[in-house]
Amino acid sequence: MEEYGGGDLLSEAMGSAARVVVVEDCVEAPGAFVLHLLLKRALASGGAAAFLALAQPFSYYDRVLRKMGCNLSLHRRNERLHFFELLGFPGGAREGTIADSFVRLYNEIQRLVEANRAGENAGQFTVVIDDASLLEVVALGSVNDVLDFLHYCFTLTSEMNCTLVVLIHEDIYADEENMGLLLHLRYIADLVIKAAPLSTGLAADVHGQLSVVNKGTFSEQRAKAQKVWNFHFKGKENGADFFYPGTRH
Amino acid sequence: MAAAGGRTLGRSSFSRATSNPVTSSYGAAGVKIGPNGAAFVSSGIPDLDRILGGGFLLGSVVMIMEDADAPHHLLLLRCFMSQGVVHKQPLLFSGAMKEPRLFLGTLPAQVSSSKEDGRHRAMGAAASSDGRANDEGLRIAWQYKKYFGDDSRAEHKDNKQEFSNDFDLRKPLERHLLNGQNIECVSIQDADSLSGLQDCCSAFLSKLPRKDAGSLTAGRIAIQSLCAPQCRYFEKDWDMVSFIRSLKAMVRSSNSVAVITFPSTVLSNSFCKRWQHLADTLLSIKAIPDEDKDLAKLLTGYQDMVGFLHVHKVAQTNSQVPVILEASTLSLKLRKRRSLVLERLNQAPVDGSSGPSSAASSSCSSQGSQLDF
């Protein structure tokens, strides 16, 4: 992502030119607000986006982003946003196996990315997945199918001017046996943003802490810059506040 | 509703920016319309409705983590189901038992109104004589704050009687209310898979579509002990979580709320977390041992408590801001051994011999013995 449009700690930590962003969260500290923020910034900077929504229906994201100053309905009408409502995926129209459904889904995404690249306004394209843990549920536990699908999406980031943003619930993978998906995502990520609760629990002023690990694989300047950031966040209707611990009154 | 208490005192014990009692209105019987397009049905426990900011959100899934040692989750489930029967809302009940119909016989009846009036009036009078007289200069000792919630209840009594009722857990619900009702019961104990239940839910929910007006009939789904080990599908972890995901998708687009209780200890950690992530509202119950002396010294009113209720997540419409409660762990008490109330925990004074504070609680166990840390 070339610009983030925000002058806050999160954009500073993220830098630019990250291709794969993985957002981790847990039950006590939901991280979906980071996805909303990244989607808003992707659309605001003039690019296009494909949103794979497994967690909530379109109306939810529309309302939430509208409060943040981003009109998803308008973007969808202008074909800048391609919304995949996957609450019931694969659903009744399913022919074949889960893998087939994933293949079909990937083909559609690939088509969109290619169309965007070939178009005149070839801005940044962002693929957002909310969330990867639900992809596993869709696949009824077949992690290989999910990994295949994610790997194909990953290839889009290197072949074409595309960014991948994935949300995953890291507390589901706390056991040793089934860490596969989480480890894989962490490995391919350029940027890992992890939302965690404070050890003292929820508070009205601070909803949790965010740690950003920027591997800096894509940018030479980054190699010397700060790699790990830790700060606090507070979710708001119109976005989120990011601040260092103790700098809030 | 909770903010009403704040009006009389200048401080509210529970405040939530989005809820505003002045603007809330009532749609169909038992449905309350809130801001942001939210519609609520009552949980059957007025305290819980207040804590959750209105009640159970229509279109959401409520999950209750059971305690392995005690069946207190059934108290919540029964109040939820009785409330639906009283409001004549269609109900689908499914349980890990051979004859779910028999469970209906354990549903509580409403508290008879004459007694409730007397109690509220007494509380209201006692509070108002102190509270209303001098608002600004009044400073309420922290222990008494929880009693002022009743003051608002007396004011809005008429409205509240329609939306949310107190249930007497000692009296069974009148037969005639159950007979004329749209209640469906499904047993999941002998089912090899959850597809049967899923079809039932699908058929049930298709009759309750969601419209923006929000004034259509609301439905309730109550599922007891979804992952109980005696169910035949118990080993199929992925099927169970897939069922919840499908149910959530169906409930989202319908005018109903689903309450699912499950024994979280029988699931693996990983799947337990998956279930928790799927919930819109997540509660958990913890039982209290009967004769725990340490707890008795630590908390006031320990003798009345049957358990703790912890609120992990509260459903919201269309908002990314988490709901921060002032107190997320509450004590479950049976007031007069019949109706369920939720109260904030109050720590007993360390020195047991302080006079006024012991009068406030029903019994403070230690009479002069010290707490050792």
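Residue numbers begin at 1 in each chain, while the letters A, B, ... track the order of the sequences. Since the structure is predicted, the reported quantities are computational estimates derived from the model, not experimental observations.
- Most heavy-atom pairs under 4.5 Å with chain B, from the set D25(A), V27(A), L54(A): that is V27(A).
- Within 6.0 Å of OH in Y152(A) there are 12 or fewer heavy atoms belonging to other residues, nucleotides or ligands.
- One finds the CG atom of L202(A) at 7.5 Å from the OG atom of S328(B) (value rounded to the nearest 0.5 Å).
- The main-chain N or O of V137(A) is never found under 3.5 Å from a side-chain atom of R274(B) such that the two would form a donor-acceptor pair.
- Of all the heavy atoms in E237(A) and S319(B), the pair that sits closest is OE2-OG, 3.0 Å.
- Contact of A203(A) with chain B is made through the backbone alone, with heavy-atom distances under 4.5 Å.
- Between the CH2 atom of W275(B) and the CD1 atom of I172(A) there is a distance of 13.0 Å, given to the nearest 0.5 Å.
- Side-chain N or O atoms of Q320(B) include none that pairs as donor or acceptor with a backbone N or O of V64(A) at under 3.5 Å.
- For S270(B) (side chain) and Y173(A) (main-chain N/O), no donor-acceptor pair under 3.5 Å exists by modelled atom type.
- With a 4.5 Å cut-off on non-hydrogen atoms, S246(B) does not touch chain A at all.
- Between the side chains of D171(A) and H277(B), at least one donor-acceptor pair of N or O atoms lies under 3.5 Å.
- The backbone N or O of L87(A) sits less than 3.5 Å from a side-chain atom of R245(B), completing a donor-acceptor pair.
- Within the 4.5 angstrom heavy-atom criterion, only side-chain atoms of P57(A), from C-beta onward, approach chain B.
- Heavy-atom neighbours of H310(B) NE2 from other residues, nucleotides or ligands within 6.0 Å: above the threshold of 12.
- Both the backbone and the side chain of F89(A) come within contact range of chain B, with heavy atoms under 4.5 Å apart.
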Any chance you could lay out the side-chain contact (heavy atoms from CB on, under 4.5 Å) test for V321(B) and K234(A), step after step, and finish with the verdict? CA-CA 8 Å; V321(B) 183; K234(A) 177 184 169 174; over 6 Å; no
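- With a threshold of 4.5 angstrom between heavy atoms, L65(A) does not approach chain B through any atom at all.
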How far apart are the C-alpha atoms of E28(A) and K273(B), what are their side-chain angles, what is the distance that settles it, and do they pass the salt bridge (charged side-chain N to carboxylate O under 4.0 Å, His left out) test? CA-CA 11 Å; E28(A) 298 82 14; K273(B) 283 291 170 190; 3.8 Å; yes
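- Using a 4.5 Å cut-off between heavy atoms, I244(B) makes no contact with chain A at all.
- Judged purely by atom type and a 3.5 angstrom limit, K67(A) uses its side chain to pair as donor or acceptor with the backbone of N318(B).
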